[in-house]
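See structure below.
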Amino acid sequence: MNARLTSIIQNIASGSLSRQVARKIVKTLNIGDLDYKIHAGVLDRPHYAYVMLNGARLARALGLMRISALEFGCAGGKGLLALERIAKMVKQETGVDVDIYGFDTGKGLPDPVDYRDLKYHWKSGFFAMDEQKLSPNLEKSKIVFGNVKDTVGTFFEEYKPAPVACIFHDLDFYSSTIDSFKILDANPDRFLPRVFNYFDDIIGGDLELYCDWTGERLAINEFNDSHSDRKFSPAYHLLASREQNRWYHQIRILHFFAHTGYDTFISKEDQQIPI
Ligand SMILES: C[S@@+](CC[C@H](N)C(=O)[O-])C[C@H]1O[C@@H](n2cnc3c(N)ncnc32)[C@H](O)[C@@H]1O
């Protein structure tokens, strides 16, 4: 049997063909709100859109109309360009303005420190940025150049950003990720009480074999072990959805329990259960 036919039959059997058809219809007719499009998988980088949209929704519920989005690891800038496009959709849907900050050496990956940086998969110099090519295409993103271990400590004083609502982690290495996490030691009020995060390098495939003792996963585990008033949690509501998207496993919610707004009521007022 030819490969195309085999793949069609496999897709029918797994139920994914009907999903693909539904996706095509939604995309062609441009129907549904942003939330629907994210979960239906018709957007470019739906995970980026999920994180930004929900950061903006929480901000609005708390009465904030401007937030910051941080991308750790920008490479050629495709992620920043996607974030700028998404910020427009988020503004349209929520009224919230999103400022975007990227962090990168500009020169690609630094030298890996040890096995925890997955030397079997990454090499220094990968993903260097062509700044001259990227800059004219960026409308509003600001890039903080340098090694994150030197730049995150002064970020809040230098840039005076709106509260951070969402963070996209894509520094690849354990060492870089744990260095970038120093930004999370700042006063909780620099952030929203609950921050939406996407981690690029915690799923991967047969080659990367990401595990809990190396890479971004190790950094998350160490952060949680060493902090009692702030913790990363999986997004259990996504993991429990009937229709699954792979990126649901890459979302973490960072809870700042000591944030002055952590207890602010943002839920539905009418929660009575009549007998
Ligand atoms: C996989 S790329 C990012 C891809 C990008 N997020 C995208 O979606 O197109 C990883 C980036 O992390 C940056 N990086 C890694 N470690 C770093 C560090 N310690 N300081 C600053 N940048 C770092 C590298 O320069 C590289 O561009």
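We count ligands from 1, going down the list as the structure has it; atoms in each ligand are counted the same way.
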field: Presence of salt bridge, Asp99 and Lys142, under 4.0 angstrom
entry: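 Salt bridge: no.
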- prompt: Are the ring centres of Tyr210 and Tyr174 closer than 6.0 Å?
  reply: no
- prompt: What is the ring orientation for His237 with Tyr50, classed by angle as parallel under 30°, tilted 30 to 60°, or perpendicular over 60°?
  reply: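 Because their plane-to-plane angle lies in the 30° to 60° range, the rings of His237 and Tyr50 count as tilted.
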message: In terms of relative ring orientation, are Tyr101 and Tyr159 parallel, tilted or perpendicular, with 30° and 60° separating the classes?
response: perpendicular
task: Starting from the C-alpha separation in whole Å, work towards a yes-or-no answer on side chain to side chain contact (heavy atoms under 4.5 Å, CB included) for Lys88 and Glu93.
output: CA-CA 9 Å; Lys88 286 181 190 158; Glu93 192 129 331; over 6 Å; no
- request: Please determine, by modelled atom types, if Asp200 and His47 share a side-chain donor-acceptor pair under 3.5 angstrom.
  value: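 On atom types as modelled, these side chains do not qualify, holding no pair under 3.5 Å.
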- request: Quick one, list the residues around ligand 1 where some non-hydrogen atom comes in under 4.0 Å, by chain and residue number.
  value: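 Answer by chain and number: Arg45, Tyr48, Glu71, Gly73, Cys74, Ala75, Lys78, Gly79, Asp104, Thr105, Gly108, Leu109, Pro110, Phe127, Gly146, Asn147, Val148, Asp170, Leu171, Asp172, Ser176.
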